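For reference, the structure is listed below as structure tokens.
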Amino acid sequence: MNAPRPPLPDDSELHALVDGRLPAGDAERLRAGLDAPVRKEFDAWMRQRAMLRALHGDWLERPVPDALHRAAQRLQDARAERGRWLAWGGVAAGWVLAFGLGWSLHGRDATLAAAAPSAPLLFAQQAAVAHAVYQPEQRHPVEVTAAQQDHLVQWLSKRLARPLTVPHLQEQGFDLVGGRLLPGGSGARAQFMYQNAAGTRITLYLGAVDDAQAEAFRFYGEGPVSGFYWVERGFGYALSGELPRPALQALATAVYRQLSAAPPAGAHAPARGS
């Protein structure tokens, strides 16, 4: 009786074989079990690999740039943070930018402590990640729609333990889509989403910030998503989107003016930082 044929390898096994990532014995057994069509594909990949190495062989001898190391670390941190967000909210698969999201300083040395982002900057980064996660959603971009705005405001105000005001941006061409509740480093956070006639979305992210010091009106940008953020009396605001900086600044200024005019009053005009 003939011995049963081993199952055909999948693409991941073939890639490992082509890249030389298998132990010698496993590679030999896998290579011997390839049938004609798979063998043909394998040979084509090997020729392609040889041509690429011949074309770019000099790059293999160069050290990996520090900037690439940093970008890879930011991507790894962002993926880990995104996993925590998905577990908390049951969010469907989406993309998350390679933002540096900060890290726990407990037990780290003074060098890492000095490199950690400030609380307001970390807040702005989290706002940008929240925008990146939810703005592509078509069926569930928000938890409560603008049709239930009164309920939305009451619900989020209760969860954030602070009366909230929803800015109106119709004059700037953006209508409220709705909002949702999100987790944050200092408790619950809120996100209001707006959309214009072209389908472009911006989000306003609100919540307590550990650093109670006032933070001027500042720009944040790393990757496609950028925004303006500010902190007053321990409460942060960040407007994020994929728009040119002047357009975002005009929108953020409109938001700030409306929020500063709403009770409780007494906010100071923000300094336009860089």
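What you see is a predicted model; the values in this text were computed from it and never measured.
Every residue two or more places apart in sequence or in another chain that forms a side chain to side chain contact (heavy atoms under 4.5 Å, CB included) with Ala190 is listed here: Leu156, Leu160, Leu164, Leu206. With sequence neighbours left out, Asp175 forms a salt bridge (charged side-chain N to carboxylate O under 4.0 Å, His left out) with no residue at all. Judged as a side chain to side chain donor-acceptor pair (under 3.5 Å), and not counting sequence neighbours, Gln149 has no contacts. With sequence neighbours left out, Arg39 forms a side chain to side chain donor-acceptor pair (under 3.5 Å) with no residue at all. Under the salt bridge (charged side-chain N to carboxylate O under 4.0 Å, His left out) criterion, Arg159 pairs with no residue at all, not counting sequence neighbours. Legend: residues meeting side chain to side chain contact (heavy atoms under 4.5 Å, CB included) with Pro244, ordered by chain and number and at least two apart, are Pro246, Ala247. The side chain to side chain contact (heavy atoms under 4.5 Å, CB included) search around Gln172 returns Leu169, Leu251, Ala254, not counting sequence neighbours. Considering only residues two or more places apart in sequence or on other chains, Ala124 meets the side chain to side chain contact (heavy atoms under 4.5 Å, CB included) condition with Tyr220, Tyr229.
Between Trp230 and Ala252, the closest heavy-atom pair is CH2-O, 3.9 Å. Of all the heavy atoms in Ala146 and Leu176, the pair that sits closest is CB-O, 3.2 Å. Pairing each heavy atom of Val209 with each of Pro120, the nearest pair is CG1-N, 4.1 Å. Nearest approach of Val133 to Pro136, heavy atoms of both residues: O-CD, 3.5 Å. Heavy atoms only, all atoms of each residue included: Gly236 and Val231 are closest at CA-CG2, 4.1 Å. Shown here for Ser226 and Gly221, the closest heavy-atom pair between the two residues is CB-CA, 3.7 Å.
The line from OG1 of Thr145 to NE2 of His140 is 12.5 Å long, rounded to the nearest 0.5 Å. Between the CG atom in Leu30 and the CG atom in Leu17 there is a gap of 5.0 Å [rounded to 0.5 Å]. A distance of 10.5 Å separates CD in Gln135 from OG in Ser240, rounded to the nearest 0.5 Å. Taking CZ from Arg21 and CG from Asp26, the interatomic distance works out to 13.0 Å, rounded to the nearest 0.5 Å. Here the CZ atom belonging to Arg162 is positioned 5.0 Å from the CZ atom belonging to Phe235, to the nearest 0.5 angstrom. Between the NZ atom of Lys158 and the CG atom of Leu181 there is a distance of 12.5 Å, given to the nearest 0.5 Å.
Taking the side chain as every heavy atom from C-beta outward, Arg245 and Phe219 approach each other to under 4.5 Å. Between Trp155 and Glu143 the shortest side-chain heavy-atom distance falls below 4.5 Å. Ile202 has its side chain within reach of Phe174: a pair of non-hydrogen atoms, C-beta onward, lies under 4.5 Å apart. Residues Leu239 and Thr203 are not in side-chain contact: their nearest non-hydrogen atoms beyond the backbone lie 4.5 Å or more apart. Contact annotation: the side chain of Val144 approaches that of His151 to within less than 4.5 Å [non-hydrogen atoms, C-beta and beyond]. Phe192 places none of its side-chain heavy atoms less than 4.5 Å from the side chain of Val177.
Within a 6.0 Å radius of CD in Glu171, no more than 12 heavy atoms belonging to other residues, nucleotides or ligands are found.
Ring centers of Tyr237 and Phe228: at least 6.0 Å apart, outside the cut-off.
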Requested in this report: Assess whether side-chain contact (heavy atoms from CB on, under 4.5 Å) is satisfied between Tyr134 and Leu182, documenting all intermediate values.
Outcome: CA-CA 11 Å; Tyr134 291 108; Leu182 294 172; 3.5 Å; yes

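At least one test fails for Arg189 against the ring of Tyr205: distance under 6.0 Å to the centre or angle within 45° of the axis.
Screening residues 190-200 for side-chain hydrogen bond (donor to acceptor under 3.5 Å, both in side chains), with sequence neighbours left out, gives Gln195-Arg201.
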